[in-house]
Amino acid sequence: MGDSGAITDLLLAHSRGDGEAFSRLVPLVYDDLRRIARRSLRRVSGARTIDTTGLVHEAYLKLVDQTRAEYRDRSHFFAVAARAMRQILVDEARRRSAGKRGGGVAAVTLEEDRHGGVSADADFLLSLEEALQSLGRLDPRLPRVVECRFFAGLSEEETADALGISTRTVQRDWMRAKAWLREEMGPPPPPSPPPRAHA
């Protein structure tokens with residue numbers, strides 16, 4: 001990931017009220033945000049109605065809008081970015097699901113799904129979100145660990161830094177969260193089939 005010291009300095013400047021710090025931060029974190037977005041989008045590959053660039057830009061708008069946010073460091077910032085991306089994807093899946101059920105006008109999206117329809121992946125994402133909400137009622141830290149490890153792809157050490165806990169606690173929480181989600185949700189859906197080539 002980008003230069004940790006420079007990123008942390010800009011995040012601290014932003015939290016102290018430097019209005020220009022966030023703008024200077026963007027070039028340093030853009031590639032990392034794209035990596036997190038790509039990873040998040042792979043989780044819902046069959047239901048994508050937003051592309052990597054669109055997801056990064058939507059997340060940026062959420063992050064820059066958090067004027068009172070105090071990012072502790074680079075890892076914390078990327079954990080918050082992963083949460084923002086998860087929320088965007090869940091909101092999009094809800095809109096798509098409502099449209100599929102005839103719940104109103106179809107949502108305008110940044111990029112239409114070229115393969116048509118809402119796949120089981122959108123339903124899986126909504127089920128995952130519901131399960132994460134339930135998991136958070138048992139232990140509020142566990143969904144944060146899932147966001148860092150599953151959505152953002154942070155390492156155990158980066159997750160520990162982002163959440164202010166030990167690496168060993170991350171390992172235990174990650175194992176506990178995965179076991180709970182597996183029990184709650186069952187196996188994940190099979191991946192969407194690749195598009196058929198046109199003759």
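Computed over heavy atoms, backbone and side chain alike; hydrogens, waters and symmetry mates excluded.
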Hey, what do you get for CG (D32) to CD1 (I7), rounding to the nearest 0.5 Å?
6.0 Å

Apply side chain to side chain contact (heavy atoms under 4.5 Å, CB included) to residues H14 and E20 and explain how you reach the verdict.
CA-CA 8 Å; H14 171 69; E20 298 296 315; over 6 Å; no

Is a salt bridge present between R176 and D139, judged by a nitrogen-to-oxygen distance below 4.0 Å?
yes

Go through T53 and R34 one step at a time and tell me if the side-chain hydrogen bond (donor to acceptor under 3.5 Å, both in side chains) criterion holds.
CA-CA 7 Å; T53 302; R34 284 185 60 82; 2.8 Å; yes

Between E58 and L55 (side chain of the first, backbone of the second, donor and acceptor by atom type, cut-off under 3.5 Å), is there such a pair?
no

L11 side, atom CG; R16 side, atom CZ - distance, nearest 0.5 Å:
10.5 Å

Measure across R35 and G153 and return the closest heavy-atom pair with its distance rounded to 0.1 Å.
NH1-O, 4.1 Å

For the residue pair F22 and F77, does the interplanar ring angle fall in the parallel (under 30°), tilted (30 to 60°) or perpendicular (over 60°) class?
perpendicular

Check: L128 and V90 side chains under 4.5 Å, non-hydrogen atoms:
no

Of all heavy-atom pairs between K62 and I88, which one has the smallest distance, and what is that distance?
CE-CG1, 3.6 Å

In plain terms, say whether E156 and R168 are close enough for a salt bridge, that is, a side-chain N and a carboxylate O under 4.0 Å apart.
no

For F78 and F151: C-alpha separation, side-chain torsions, deciding distance, then whether ring pair (Phe, Tyr, Trp, His ring centres under 6.0 Å) applies.
CA-CA 10 Å; F78 288 126; F151 286 96; over 10 Å; no

If every non-hydrogen atom of S75 is compared with every non-hydrogen atom of L154, which pair is closest and at what distance?
O-CD1, 4.1 Å

Could you give the distance from CG (L41) to OG1 (T52), rounded to the nearest 0.5 Å?
5.0 Å

May I have the step-by-step check of side chain to side chain contact (heavy atoms under 4.5 Å, CB included) for L163 and D173, ending in yes or no?
CA-CA 12 Å; L163 302 179; D173 283 356; over 6 Å; no

Report yes or no: do M185 and V146 belong to one cluster of Ile/Leu/Val/Met/Phe/Trp/Tyr joined by side chain heavy-atom distances under 4.5 Å?
yes

Please name the residue in the list V29, D161, T8 that meets the side chain to side chain contact (heavy atoms under 4.5 Å, CB included) test with R74.
T8

Of all heavy-atom pairs between I36 and A152, which one has the smallest distance, and what is that distance?
CG1-O, 3.6 Å

Does a side chain donor of either R141 or T169 reach within less than 3.5 Å of an acceptor in the other side chain?
no

Side-chain heavy-atom pair W174, C148 within 4.5 angstrom cut-off
no

Can any side-chain N or O of R39 pair as donor or acceptor with the backbone N or O of F150 at less than 3.5 Å?
yes

Does L132 belong to the same Ile/Leu/Val/Met/Phe/Trp/Tyr cluster as L138, with side-chain heavy atoms less than 4.5 Å apart forming each link?
yes

Run L10 and D18 through side chain to side chain contact (heavy atoms under 4.5 Å, CB included) and show every step you take.
CA-CA 9 Å; L10 287 169; D18 181 346; 5.9 Å; no

Hydrophobic cluster membership, Y30 vs L25, 4.5 Å side-chain cutoff:
yes

From L89 CG over to R94 CZ, what is the distance, rounded to the nearest 0.5 angstrom?
11.5 Å

Closest heavy-atom contact between V56 and A37?
CG2-CB, 3.7 Å

Output the distance between atom OG (S40) and atom CZ (R83), rounded to the nearest 0.5 Å.
13.0 Å

Could you pull out the closest heavy-atom pair between A59 and M85, with the gap in Å?
CB-CG, 3.8 Å

Rounded to the nearest 0.5 Å, what's the gap from CD on E184 to OG on S134? Could you check?
5.5 Å

Got a sec: does the CD of E130 have more than 12 other heavy atoms crowding it under 6.0 Å?
no

One pair to check against side chain to side chain contact (heavy atoms under 4.5 Å, CB included): V145 and R149. What are the steps and the verdict?
CA-CA 6 Å; V145 170; R149 299 286 287 134; 4.1 Å; yes

